[in-house]
Every structure is written in C-alpha cells, then in structure tokens.
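See structure below.
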Amino acid sequence: MNFGYVLFLAVAMLVAGYVLIGYIQMQAELTSQYEQIASLESELNYLRLYNEDELARINSAVNLEDIKQVAIGELGMVYATEGQIVFYENEGSDYVRQVADIPK
C-alpha cells in the first residue's frame, strides 16, 4: 500500500469519527431537551390542575348572601335609587376614570 493512500484513509477515518461523535452528541442534547420539555409540560399541567382546584375551593368558600347581609346589616349599605345612577358612554377604553365630581 502506498503511504499517501494510508494517510488519506486515516484522515478520512478521523473526519468520519469526528462527524459521528458530533452527531451522537447532538442526538444526546436533543434527547435531553425533549426530556426537559416533557418535564416542564408535566409541571404546567400539574399547576393548571392545582389552580383550577384552588379556584373551585375559593368560589365555593364565598357566599354572596353572607356578603350582602353584612353589607346591608352591619355596614348600612342600601341599593342605589333611580336618581343616583349615572351612565357614561365609554368610547374605546376599557374603563372610565372620574377626574371631577359629578354635577347634580
């Protein structure tokens, strides 16, 4: 065998080995990232379920009739009468700010 041919084959094997090792490392990285994504998705699903359970617990703990009784009985609140209700047109904004007293 010729020395140049042996040298070419050795260099070709080294290049092929380098490429294959890089490919295997990239595959391992990709697998690791997939596992991390799966773990994060699992955590997200757990947190969503936990939030839904907490919301249901909070909603079931709130009794609007009790709040109404305290507001009317203890705090002296009353329903608004016809003359107390003022309507405003809301043009393009999500809320209306009161910057001055309402004229009577």
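- Within a 6.0 Å sphere centred on CD of E54, other residues, nucleotides and ligands contribute more than 12 heavy atoms.
- One distance of note links CG of L30 with OH of Y23; it measures 9.0 Å at 0.5 Å rounding.
- Between I72 and K68, some side-chain heavy-atom pair lies under the 4.5 Å cut-off.
- Taking OG of S39 as the start and CG of L44 as the end, the distance is 11.0 Å to the nearest 0.5 Å.
- Y46 and L49 fall into different hydrophobic clusters, where Ile, Leu, Val, Met, Phe, Trp and Tyr residues are linked whenever their side-chain heavy atoms come under 4.5 Å apart, directly or through other members.
- Between the T31 side chain and the Q27 main chain, a donor and an acceptor come within less than 3.5 Å of each other.
- In this structure, L47 CG and L40 CG are separated by 10.5 Å, a value rounded to the nearest 0.5 Å.
- A distance-only check finds no donor-acceptor pair linking the side chain of S32 to the backbone of A28 [under 3.5 Å].
- The distance from atom CD of Q69 to atom CG of L75, rounded to the nearest 0.5 Å, is 12.0 Å.
- A pairwise comparison of heavy atoms in Q84 and A80 identifies OE1-CA, 3.2 Å as the closest pair.
- The side-chain heavy atoms of I21 and V19, taken from C-beta on, include no pair separated by under 4.5 Å.
- Going from atom CD of E41 over to atom CZ of R48 covers 9.5 Å, rounded to the nearest 0.5 Å.
- A distance of 10.5 Å separates CD in Q33 from CE in M26, rounded to the nearest 0.5 Å.
- Looking only at side-chain heavy atoms (C-beta outward), N51 and L55 stay at 4.5 Å or farther from each other.
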